[in-house]
Amino acid sequence: MQSFLNQGQTIISTDPFAPVMSDIQGPQDEQDEAEALAQESELRQASVAVAQHGERLDRALTHLAPEFSRSYLQQLVDAGGAQVNGKVLTKQSHKVKAGDVLQLELRPTPQSQAFKPEAMDLDVVYQDAHLMVIHKPAGLVVHPAPGNWSGTLLNGLLALDPQISEVPRAGIVHRLDKDTSGLMVVARTRLTMDALVQAIAARTVSRQYLAVGHKPWSGAATVAVQAPIGRDPRNRLRMAVVDLLKTPGKTAQTDIHYLGNAVDACFVRCVLHTGRTHQIRVHMASIGHPLVADAVYGGSPLLGLQRQALHAFRLAFSHPVTGEALAFEAPLPQDFQDLLGALGLGLQSLPTAKAA
């Protein structure tokens with residue numbers, strides 16, 4: 001299938017704001033805030049000033065506890081930790097009045113207790129004093145979030161490498177979706193983390209994926225999808241290709257290379273130029289090839305595969321400290337191999353490292 005990789009390229013663009021921009025803003029130090037909240041439980045009280053009259057309750061509480069983020073304070077409101085004039089209120093949007101007496105109980109929340117070590121069997125592909133490369137299995141959540149405050153890759157990293165507790169987000173500089181398998185680089189020091197974030201923003205970190213989409217591929221062997229991505233205005237739980245003149249979003253580009261066809265599916269290699277949430281999944285669906293088993297974006301299970309057919313198989317970058325060129329490839333998980341075999345594609349369709 002290698003001959004398909006060097007044929008002409010088609011560009012699909014719905015973005016009026018080219019060139020593509022990166023969404024890497026740099027990690028916030030959530031861990032320090034979470035640990036501070038977990039270590040302290042206290043009661044704070046104050047009256048609402050005239051200048052705060054009419055503010056939402058969650059915003060008014062930021063004046064009472066300015067060292068904590070609004071999201072933490074919202075969690076405390078939800079948990080019944082806020083009172084107005086002696087009455088517990090759990091409605092964040094409640095409008096306070098000048099002279100109201102606010103009382104806030106600072107206490108540990110699920111998020112504040114999320115940054116704890118949990119021993120797990122992680123597949124470390126590479127490690128030195130500055131960074132490590134992990135082969136994440138499908139089914140493992142990367143970062144604590146509502147519904148997954150424990151059992152995440154972050155928890156496993158904290159148990160695997162104690163020094164990583166000194167690095168924001170345990171050194172995680174990019175993410176894979178829960179049901180996406182493959183390679184991730186993790187920083188072991190703050191200096192390395194900052195350098196990796198900058199490298200990703202500068203697009204000098206190469207990230208390539210293998211995917212299986214519904215319907216046979218047709219047309220050019222290489223397609224560059226340039227389509228902005230933002231929250232789906234009809235369903236806030238998913239992302240979508242959006243019109244930036246009407247809906248907030250960010251520019252995004254994915255190069256998609258045809259590798260092989262089956263009767264009802266196609267095998268492709270995807271190269272990221274940006275790292276938007278669900279980028280490959282959204283872009284594949286937008287061109288009529290939703291990923292197999294990706295129910296969120298129109299895919300269905302196929303031949304036994306129950307999770308989205310997406311694998312981060314290649315990661316390449318210059319070492320942020322030594323400057324050495326590093327490149328890693330992760331073998332396809334067994335469920336992905338089984339799908340290719342059942343489709344009659346087989347591993348002979350895989351791109352070589354040179355082609356990749």
Practice task
Applying side-chain contact (heavy atoms from CB on, under 4.5 Å), run through Val141 and Leu153 and close with a yes or a no.
Solution key: CA-CA 6 Å; Val141 174; Leu153 174 63; over 6 Å; no
Practice task
Take His278 and Asp177 through the test side-chain contact (heavy atoms from CB on, under 4.5 Å) and record every step on the way to the result.
Solution key: CA-CA 8 Å; His278 299 175; Asp177 296 333; 3.3 Å; yes
Practice task
Any chance you could lay out the side-chain contact (heavy atoms from CB on, under 4.5 Å) test for Leu343 and Asn261, step after step, and finish with the verdict?
Solution key: CA-CA 9 Å; Leu343 290 171; Asn261 264 343; over 6 Å; no
Problem - Full working for side-chain contact (heavy atoms from CB on, under 4.5 Å) between His289 and Ile256 - result: CA-CA 11 Å; His289 297 282; Ile256 303 172; over 6 Å; no
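Within the 4.5 Å cutoff, side-chain heavy atoms of Phe317 are placed close to those of Phe328. Looking only at side-chain heavy atoms (C-beta outward), Leu291 and Val212 stay at 4.5 Å or farther from each other. Under the 4.5 Å side-chain criterion, counting only non-hydrogen atoms from C-beta, His174 is in contact with Arg207. Thr192 is not listed as a side-chain neighbour of Val167, based on a closest heavy-atom distance of 4.5 Å or more. Between Asp264 and Lys215 the shortest side-chain heavy-atom distance does not fall below 4.5 Å. Here the side chains of Leu106 and Phe68 are in contact, with some heavy-atom distance below 4.5 Å. Residues His214 and Val292 have side chains in contact (heavy-atom distance under 4.5 Å, counting atoms from C-beta outward). The side-chain heavy atoms of Met132 and Leu160, taken from C-beta on, include a pair separated by under 4.5 Å.
Side-chain N or O atoms of Lys136 include none that pairs as donor or acceptor with a backbone N or O of Met184 at under 3.5 Å. A side-chain donor-acceptor contact under 3.5 Å links Asn155 to the backbone of Gly151. Checked by atom type and distance alone, the side chain of Asp294 never pairs as donor or acceptor with a backbone atom of Gly299 at under 3.5 Å. Between the side chain of Tyr297 and the backbone N or O of Met239 there is at least one donor-acceptor pair closer than 3.5 Å. Between the side chain of His311 and the backbone N or O of Tyr209 there is no donor-acceptor pair closer than 3.5 Å. Formation of a donor-acceptor pair under 3.5 Å by the Arg56 side chain with backbone atoms of Lys95 is not found in this model. For the pair Arg188 (side chain) and Ile164 (backbone), a donor-acceptor distance under 3.5 Å is absent. A donor-acceptor pair is defined here as one N or O able to donate and one able to accept, closer than 3.5 Å; such a pair exists between the side chain of Thr204 and the backbone of Ala199. A donor-acceptor contact shorter than 3.5 Å is absent between the side chain of His94 and the backbone of Leu89. Trp149 places no side-chain N or O within 3.5 Å of a backbone atom of Thr152 that could act as its donor or acceptor partner.
To the nearest 0.5 Å, the span separating OG on Ser150 from CD on Glu118 amounts to 5.0 Å. In this structure, OG in Ser181 is found 11.5 Å from CG in Asp123, a value given to the nearest 0.5 Å. Note that the CZ atom of Arg281 and the CD1 atom of Ile229 stand 11.0 Å from one another [nearest 0.5 Å]. A distance of 9.5 Å separates CG of Leu176 from CG of Leu140, quoted to the nearest 0.5 Å. Separation of atoms NZ (Lys97) and NE2 (His53) is listed at 7.5 Å; rounding is to 0.5 Å. Note that the CD atom of Glu105 and the CD atom of Gln83 stand 8.5 Å from one another [nearest 0.5 Å].
In terms of heavy atoms, Ala262 sits closest to Pro216 at O-CG, 3.6 Å. Annotation for Leu183 and Phe313: closest pair CD1-O, 3.7 Å, computed over non-hydrogen atoms. Here the closest non-hydrogen pair linking Leu310 and Ala211 is CD1-CB, 3.8 Å. Pairing each heavy atom of Ala82 with each of Val77, the nearest pair is CB-CG2, 4.0 Å. The two atoms that bring Val268 and Cys270 nearest to each other are CG2-SG, 4.0 Å, heavy atoms only. Summarising the geometry of Ala159 relative to Ala119, their closest heavy-atom pair is CB-N, 3.7 Å, with the distance given to 0.1 Å.
With Glu329 as reference, Arg314 is the one residue of His135, Arg314, Gln208 to meet the side-chain hydrogen bond (donor to acceptor under 3.5 Å, both in side chains) rule. Shown are Leu244, Leu245, Asp243, Thr247; of these, the side-chain contact (heavy atoms from CB on, under 4.5 Å) with Pro228 is made only by Leu244.
Comment: Arg236 does not engage Asp232 in a salt bridge, judged by the lack of any side-chain N to carboxylate O separation of less than 4.0 angstrom. Ion pairing between a basic and an acidic side chain is recognised when a charged N comes within 4.0 Å of a carboxylate O; Asp255 and Arg269 show no such pairing.
For the residue pair Thr222 and His257, a side-chain donor N or O sits within less than 3.5 Å of a side-chain acceptor on the partner. Checking His63 against Glu55 by side-chain atom types alone, a donor-acceptor pair falls below 3.5 Å. Side-chain N/O atoms of Gln337 and Asp335 include no donor and acceptor closer than 3.5 Å. Side-chain atoms of His319 and Asp128 form a donor-acceptor pair, as typed in the model, at a separation below 3.5 Å. When only modelled atom types and interatomic distance are considered, Asp338 and Gln334 share a side-chain donor-acceptor pair under 3.5 Å. There is no side-chain donor-acceptor pair under 3.5 Å between Gln308 and Asp179. Thr274 and Gln279 share a side-chain donor-acceptor pair at under 3.5 Å.
Under a hydrophobic-cluster definition in which Ile, Leu, Val, Met, Phe, Trp and Tyr are linked whenever side-chain heavy atoms come within less than 4.5 Å, directly or via other members, Leu102 and Val88 are assigned to different clusters. By the rule that hydrophobic residues join a cluster once side-chain heavy atoms approach within less than 4.5 Å of another member, Val124 and Met120 end up as members of one cluster. Taken together through direct or relayed side-chain contacts under 4.5 Å among Ile, Leu, Val, Met, Phe, Trp and Tyr, Val205 and Tyr126 form part of one hydrophobic cluster.
Few gaps surround CZ on Arg238; more than 12 heavy atoms of other groups in view lie less than 6.0 Å from it. Remark: Asn235 CG is packed, more than 12 non-hydrogen atoms of other residues, nucleotides or ligands lying under 6.0 Å away.
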